[in-house]
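Here's the structure we're looking at; comments come further down.
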Amino acid sequence: MKTAAELKFGESATIYEIDKSHPSSRRILEVGFTPGQEIVLLNISIFNDPIAFSVRGTVIAIRKNEANCIRIL
Amino acid sequence: MKTQVIEDLPLITLIGPPNSGKTTLFNYLSGKNYKTVNYPGATVEYSISKIQKKFNFEANILDSPGIISLVPNSPDEKISIDSLYSHPRYGIPDLVIITIDSSQLSRHLLLAKQLIDSSFNVLIALTMVDLLQRKGFEISAANLKDELNCDVIIIDGRTGNGVDDLVKAIDKNLKNLQAQEKNHPNQIHSNFNVNYLLNSFTEFEQIEKRVTSQIQHSNRKINLNKANRQLKVLNNDLSQNKNSQLDITTLKIDKILLHKVWGIIIFFLVMAITFTSIFWFAQPIMNIIDSSFGFLSFESHELLGNNWFSDFIANGIISGTGAVLVFVPQILILFLILGLLEDTGYLARGAMLIDKPLSKIGLNGRSFVPMLSGFACAIPAILATRTIPNKRERLLTIFIIPLMSCSARLPVYALLLAFLFPANESWIAGLGLASIYILSIISSTTIAGLVNKFRNRIINAEDTSSFILELPAYRMPKFSVVLSNSYHSAKLYFKKAGPIILVLSGIIWFLTYFPNNNPKIDSNNLSKDQITQLENSERLSHSYAADLGKFIQPVMSPIGMDWRIGVSLISAFAAREVFVSSLALIFKVTGNEHTLQTSMLHEMRKATIGNTGKYLFTPATITGLIIFFVFALQCMSTMAVSRKETGSWRIPLIQFFLFTSIAYLFTFLAVNGLRAFGIN
Ligand SMILES: Nc1nc2c(ncn2[C@@H]2O[C@H](COP(=O)(O)OP(=O)(O)OP(=O)(O)O)[C@@H](O)[C@H]2O)c(=O)[nH]1
Ligand SMILES: [Mg+2]
């Protein structure tokens, strides 16, 4: 299954589930990355990491490593 | 904390997600001036104050750092949660006001629900309704009240709109409360599990649909359609999702500022302009202050005659403090520029851009804002590291913050640069200053990298690093907010540094004036000026300071300096600016009507080492001094805060000895290296 880290610039996707074994998974959920939400990869910083997604009407920057725990459809 | 709190008054605690407007509301209710910043994580310590009289009811109000949920993730969040459940002095709050950004309802309701479920007595203040409207939506406070079963009031803490309604609701709530027993909130952390989170969010989406609606004005609609079209261009399908639209201006700006190439170029440009402009802008204001102090000192000396008291006033007080005060415009401009940056929303972007390089040397993108505020002062900067969740990264950030070039060093650099470069071309000095800042950034990151290599020996802590940061919508900086923030930072600076500079100037004056306060000299065939000069040097060479100086001379000789600079360097350990006062006192810069700085530079240019005839201040020694100040940890308060935040003396002591020895070593290398190349 694809994860949010594999999205391309400007691509959108719907969250399928969050990998709960990841240490940051709880915070990822708490800031609003929940299953069913649509996310768009909006910004990539120069070294390709971190990347910023739009979610629930705001933009949140996370590391690729963290984006890996967001599984998408 | 200290300010006007009465302990048996009811306690109202402000809790809310980061950047939701808590401090703005707190300032409005309490009349205080705490810093508000468009960055999630501006407040890192709680503050408490009495509500202003004009609101006609008595209560204490507590501002807290922003939290995302009741399960803390970093030290600043823990402070908020601790102040909710177990505040050592004030206990459990009688009322919790939750600030919720209405343009982010479905995200921010999580905290509200957790607080309601923990059975706190809550009231909701909806902020940022103007931003919601900009997106083309409106919200019904009455409907939200029915959904959540608690009072909901729309407010704007910047203008005060709605605060009257809020005050009425608080008053009513507190009166009701007195009738009943105080309830005891339960800590139900363990129940906030993943299912709880998922169910809550589904519920919030429904609530959001029910309480918000598209604004129906005809003219608004046109804008909205246009906006929707623009949004579609930017990202395909988002506009369908009813309320999850993004701020279009922000998206557009980020296209450039977070662009892969332009983003980083602009980042460095912003930093460079910040530091170079300090010098250019300040010059005209500085000249005015400078000449007025020169005038004051000269006139008071003339007026009071030739005795120790006159010398104490003219030199000890006026020149000693004036020499530093001359540079206050620079400090103010630094605060202004940092304030502008903070208010736009750029800081979070900076943190994102720099996260990767910083993580390579053991820091975090979240270290960026503390490091940047280290350019103003290390103390709030060290506190600001509380937003870094990972302990090792937090300790390492604290470790290097004293190397950031704080505003106390500005007077020192400004004086030394003015010595090196001609006054009429202040842009060269501006570039010089920018290079000093770059040097301080390079040295701090290098040291961070080195410490990180040996991290198990110096800083040992757990190792799961993360970076999750909201990028808030850009805002046009409110100039009034920025001005008031900088004004209060400057006032705080004066309060803190002012007395130290004054007292130390007095002490140094005493040490340089006594015991030989009435030197006997052979005054035959000498002019009045020459007599004064001879007296001054005679007095100084037999003063207490000179006795003290004999001890440090051996340390100073290898770096090409003498005891007079040594004494000034030692006094700078009380506060770095005192270095400038001390030079002003030792090199006696009164007795002519020039501006203070001009005559100081004049005296410095004439000074020679002992009887050797070699000049004391040369390009080599000045460069050496600059390098010394870049590295040396000469600030007691920084060490005290570092101790408090790291929990022991270990780190502050390592910082002190490491940075100060590096400073001495590099000064030695610079001075002797330059001389080897023929630059004296
Ligand atoms: N547009 C708008 N901006 C607001 C409103 N209230 C506050 N702000 C701005 O929002 C930003 C954040 O406000 P703060 O009061 O610092 O937020 P906070 O909740 O204390 O944030 P933290 O201390 O980081 O948790 C500042 O730039 C304020 O000027 C509002 O109602 N509308
Ligand atoms: Mg705040």
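Treat the numbers as computed from the prediction; the structure is a model and nothing was measured.
With 3.5 Å as the limit, one finds no donor-acceptor pair spanning the side chains of B/Lys356 and A/Asn48. In this structure, a donor-acceptor pair under 3.5 Å is present between the side chains of A/Arg63 and B/Ser465.
Separation of atoms CG (A/Asp49) and CZ (B/Phe467) is listed at 9.5 Å; rounding is to 0.5 Å. Distance check: B/Leu197 CG to A/Arg26 CZ gives 5.0 Å after rounding to the nearest 0.5 Å. Summarising the geometry, atom OG belonging to B/Ser466 is positioned 9.0 Å from atom CG belonging to A/Asn65; distances are rounded to the nearest 0.5 Å. Put simply, CD1 on B/Ile354 and OG on A/Ser45 are 10.0 Å apart, with the number rounded to the nearest 0.5 Å.
Contact of A/Ile51 with chain B is made through the backbone alone, with heavy-atom distances under 4.5 Å. Contact annotation for B/Leu471: both backbone and side-chain heavy atoms come within less than 4.5 Å of a heavy atom of chain A.
Side-chain contact check for A/Ile46 versus B/Val261: every heavy-atom pair is 4.5 Å or farther apart. By the 4.5 Å heavy-atom criterion applied to side chains, B/Met352 and A/Asn43 are counted as neighbours. Side-chain contact between B/Thr250 and A/Val59: absent, with no pair of heavy atoms (C-beta onward) separated by less than 4.5 Å.
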Given the rule in the side chain to side chain contact (heavy atoms under 4.5 Å, CB included) test, do A/Ile60 and B/Ile468 qualify, once you have shown the distances and angles that lead to the verdict?
CA-CA 7 Å; A/Ile60 294 178; B/Ile468 302 173; 4.0 Å; yes
Apply side chain to side chain contact (heavy atoms under 4.5 Å, CB included) to residues B/Phe201 and A/Arg56 and explain how you reach the verdict.
CA-CA 11 Å; B/Phe201 273 115; A/Arg56 292 179 186 266; 3.5 Å; yes
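Counting heavy atoms of neighbouring residues, nucleotides and ligands inside a 6.0 Å radius, atom NZ of B/Lys360 does not exceed 12 of them.
Between the B/Gln104 side chain and the A/Gly57 main chain, no donor and acceptor come within less than 3.5 Å of each other.
The side chain to side chain contact (heavy atoms under 4.5 Å, CB included) with A/Thr34 is formed by just one residue from the set B/Thr202, B/Leu198, B/Val194; it is B/Leu198.
Legend: residues meeting side-chain hydrogen bond (donor to acceptor under 3.5 Å, both in side chains) with B/Asn199, ordered by chain and number and at least two apart, are absent.
Taking 4.0 Å as the cut-off between side-chain N and carboxylate O, B/Arg107 and A/Glu30 do not count as a salt-bridged pair. Under a 4.0 Å N-O distance rule, the pair B/Glu77/A/Arg27 qualifies as a salt bridge.
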